[in-house]
Amino acid sequence: MSIAITSSSSRTRTIYWLSATLLFAFVLAGLFDRDPWKADEPYSVGMVLNFFRGHNLVVPHVAADPFVEKPPVMYWTGALFARLTSGVLPVFDGAQLAVFAWLVMAVLCVGRLAQRLHGPAHPHNTDRFNWLAPMLMVGSFGTIENIHKLTADVPQLAGAALALAALARLARTENSPRLWGLLFGTGTGIAFLSKGLLVPGVLGLTALAVLVVPAYRTRRYAAALAWTVLAALPWVVIWPVLFWHASEPLFIEWFWDNNFGRFFGFVHLGGERKSYWSDVRSLIGLTFPAGWLAVGALIAQLRQGGGVRGFLSERPEQVMLWLYSGLFVLTLVVSSAIRDIYMLPLFPAIAVLGAGVRLPAWLEKTWSGVALVLMSVLGLFLWVRWGLQLTGNGHVAAGPIGKWLPLDYVLPFSPGLLLAALVIAGLWVTAIVHRRQLGALVFGFAGLMFVWGTLSTLLLPWVNEARSYRTPFAALRESLDRLAPAGSPAANTCIGSFNVGESERAMLDYFIDVRPVQLPDLTQASRCGVLLLLDKADARIPAPPGWREIWQGGRAGDTNERFRAFVAPSASTDAATGAAK
């Protein structure tokens, strides 16, 4: 008997550590050893770079210009980690450690909340932690890439996860209203200082809406909300006050234009809605599998628990999570601007709800079988693709890949990336061996880890070449070096830019230490001796008469963007140099 118990305990520990390794292997794959990728990352790195240099710790800047779309907590923490690791890591890789830290916080909050809600008897609860919930959070279609990027949405995700975990605790009388009220306020404050009013607003509405649930209609809950306000105050007051004193116009631009203007549509900053039907399709598709499983779990719970009344009284935490999810989706629907990444704060809630599902035997078997075949085939295809690109045969059996990646790119051989890919493959084989104990959903995530991990190791340099500005801007730097006098660095060249966005200006600063002067129109091109234009596929910008082209280029495989650099018609080498005015 004791031998059987010991054997069972050993298997439980094995599944626990295997699940943890699968999750963190997925999170780490694609975080490091690459450049910032458009969209969103380049301008984020621009702000990290300015904080890293200590130029202005209150007002975010991209290159030489203020950029106040978002509050600074992601960029502060990115700069902090970059500073701590500056002796061993590039700025971007150091800043990505902050992304990893925020994700660990979200994983812990979501896993522990799911453990408490679904109980020790649930098949996906191992050793007091539910690994399935964070797997659903990071492994749904809408989060796979977005959680790996240095953006303000990642700490917002972590703040939402902390706030929801704390608010769920307040449904039970045995939990401290002070502790969990303070944590609710802290999570809300982190979300605010990450990206503004959206998530704090939805959390505030949720905190009021849960009063329909008897478990929340208590004096303890009212006291907890007082502690919530107290904890949130430093996050929502200190930086805005400092920002106001630093620049009132920029503060108004951030607070009014980038919160209310973007929401109500009187300021157009990108991401505008195409159609409501497009939103519905995105919501259905991008929330797979977490959202689909959450709906399935809800239907099963309503059938088993005496309908809506039983659900309200017996499962107050789940009711709160559904209220938050509904209010969040409704807020996105009524807003005028929407992008896929805006959905990220929805996933902590639906992941916890989806982790409570119990698949019927036939679906468990089907899910596991499909994952085994599909993910193995996709992963092996990526290994074959690696071999073709490594040997210069990228055009063989390429199909539509050439639309996104340059087929003539020859992959450099990297022993480190190959070793990482072999570790990823080894984890997949281990998961196959233990697939019955893991369960179909965790095993399916293991397959996703195999595919994503292989892509993010073996083929990482290829993807990076297509999405990074390093190669074209290095070529631009060579042209500027030839233009500048001997001994004068290209960074001293005055470059005027037109139609060059904040992402591109940030990467000019990051890769070649150039901060171009923004030109409102081409009539002011003479302010500098060098002019940089960014053409789009549907709109080529004519250069001013007499300006001589010295360089053109763009990212490999990018048919939409093309940069061109020009030198002034009468500019001598000396006239093209000097500090920007």
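Keep in mind that what you see is a predicted model, and the values were worked out from it rather than measured.
Residues Ser497 and Leu519 fail the side-chain proximity criterion, which asks for heavy atoms closer than 4.5 Å. Phe563 places a side-chain heavy atom less than 4.5 Å from the side chain of Tyr469. Side-chain contact between Leu480 and Leu476 is present, with at least one heavy-atom pair separated by less than 4.5 Å. The shortest distance between side-chain heavy atoms of Arg53 and Leu49 falls below 4.5 Å. No side-chain heavy atom of Gln156 sits under 4.5 Å from any side-chain heavy atom of Leu344. Proximity of Val442 to Ile15: side-chain heavy atoms (C-beta onward) are nowhere separated by under 4.5 Å. Contact annotation: the side chain of Leu508 approaches that of Pro516 to within less than 4.5 Å [non-hydrogen atoms, C-beta and beyond]. Side-chain contact between Trp547 and Val567 is absent, with no heavy atoms from C-beta onward closer than 4.5 Å.
No side-chain donor-acceptor contact under 3.5 Å links Asp509 to the backbone of Arg505. Asn464 places no side-chain N or O within 3.5 Å of a backbone atom of Arg34 that could act as its donor or acceptor partner. Side chain of Trp292 to main chain of Ile284: a donor-acceptor pair is present (N/O by atom type, distance under 3.5 Å, no hydrogens or angles). A distance-only check finds a donor-acceptor pair linking the side chain of Ser44 to the backbone of Leu150 [under 3.5 Å]. A donor-acceptor distance shorter than 3.5 angstrom exists from the side chain of Thr457 to the backbone of Thr454, with no hydrogens or angles considered. For the pair Glu364 (side chain) and Ala440 (backbone), a donor-acceptor distance under 3.5 Å is present. Judged purely by atom type and a 3.5 angstrom limit, Asn146 uses its side chain to pair as donor or acceptor with the backbone of Gly142. With hydrogens and angles ignored, the 3.5 Å screen pairs a side-chain donor or acceptor of Gln96 with a backbone N or O of Leu31. Using modelled atom types, no side-chain atom of Thr366 and backbone atom of Leu363 make a donor-acceptor pair closer than 3.5 Å. Side-chain atoms of Asn130 never come within 3.5 Å of backbone atoms of Gly111 as a donor-acceptor pair (strictly under, hydrogens ignored).
Taking each heavy atom of Ala351 and Ala133 in turn, the nearest pair found is CB-O, 3.3 Å. Closest approach of Met343 and Leu332 over heavy atoms only: CG-CD1, 4.0 Å. Annotation for Ala506 and Pro42: closest pair CB-O, 3.2 Å, computed over non-hydrogen atoms. Of all heavy-atom pairs spanning Tyr510 and Pro90, the tightest one is OH-CB, 4.3 Å. Here the closest non-hydrogen pair linking Val154 and Ile147 is CG2-O, 4.2 Å. Across every non-hydrogen atom of Trp551 and Ser479, the tightest pair is CB-OG, 3.6 Å.
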Inset, instruction - Apply salt bridge (Lys or Arg N to Asp or Glu O under 4.0 Å) to the pair Arg562 and Asp535, showing each step before the final yes or no. - result: CA-CA 5 Å; Arg562 197 71 180 170; Asp535 298 324; over 6 Å; no

Inset, instruction - Check the pair Glu41, Thr151 against side chain to side chain donor-acceptor pair (under 3.5 Å), reporting the backbone distance first and the verdict last. - result: CA-CA 6 Å; Glu41 273 192 326; Thr151 66; over 6 Å; no

Inset, instruction - Check step by step if side chain to side chain donor-acceptor pair (under 3.5 Å) holds for Lys70 and Tyr43. - result: CA-CA 11 Å; Lys70 300 170 181 69; Tyr43 69 76; 3.0 Å; yes

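We find the CD-CG distance between Gln518 and Asp65 to be 4.0 Å, quoted to the nearest 0.5 Å. Put simply, CZ on Arg358 and CG on Leu441 are 12.0 Å apart, with the number rounded to the nearest 0.5 Å.
For the pair Arg385 and Trp383, the cation-pi criterion (under 6.0 Å, within 45° of the ring axis) is not fulfilled.
Residues passing the side-chain hydrogen bond (donor to acceptor under 3.5 Å, both in side chains) test with Ser368: none are found, sequence neighbours excluded. In this structure Arg435 satisfies the side-chain hydrogen bond (donor to acceptor under 3.5 Å, both in side chains) test with no other residue, sequence neighbours excluded.
Note: His148 and Phe26 meet the aromatic proximity criterion, with ring centroids under 6.0 Å apart. Proximity of the aromatic rings of Phe445 and Trp131 is defined here by a centroid distance below 6.0 angstrom, and this criterion is not met.
No more than 12 heavy atoms of other residues, nucleotides or ligands sit less than 6.0 Å from atom NZ of Lys365. Within 6.0 Å of atom CZ in Arg548, 12 or fewer heavy atoms from other residues, nucleotides or ligands are found, so the atom counts as exposed in its surroundings.
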Ignoring hydrogens and angles, write down the donor-acceptor pairs under 3.5 Å from the side chains of residues 374-382, residues two or more places apart or on other chains.
residue : atom : partner : partner atom : Å
Ser376  : OG   : Leu372  : O            : 2.6
Ser376  : OG   : Trp428  : NE1          : 3.2

Do any side-chain atoms of residues 72-88 form donor-acceptor pairs under 3.5 angstrom with protein atoms, and if so which ones, sequence neighbours left out?
residue : atom : partner : partner atom : Å
Trp76   : NE1  : Leu57   : O            : 3.0
Thr77   : OG1  : Val73   : O            : 2.9
Thr77   : OG1  : Met74   : O            : 3.0
Thr77   : OG1  : Trp102  : NE1          : 3.2
Arg83   : NH2  : Phe52   : O            : 2.4
Thr85   : OG1  : Phe81   : O            : 2.8
Ser86   : OG   : Arg83   : O            : 3.1

Compile the donor-acceptor pairs under 3.5 Å between side chains in residues 392-415 and protein atoms, sequence neighbours left out, one pair per line.
residue : atom : partner : partner atom : Å
Asn393  : ND2  : Thr391  : OG1          : 2.8
Ser414  : OG   : Leu417  : N            : 3.2

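Among pairs with a residue in residues 345-373, none fulfils ring-ring contact (aromatic ring centres under 6.0 Å, His included), at least two apart in sequence or across chains.
Between Lys38 and Glu504 there is a salt bridge, with a side-chain nitrogen of the basic residue lying less than 4.0 Å from a carboxylate oxygen of the acidic one. A salt bridge links Asp481 to Arg477: one of the charged nitrogens lies within less than 4.0 Å of a carboxylate oxygen. Using a 4.0 Å cut-off between charged nitrogen and carboxylate oxygen, Arg540 and Glu561 do not count as a salt-bridge pair. Salt bridge present: Asp35 and Arg470 bring a charged side-chain N and a carboxylate O closer than 4.0 Å. Salt bridge annotation for Asp153-Arg339: absent, with no cationic side-chain nitrogen under 4.0 angstrom from a carboxylate oxygen.
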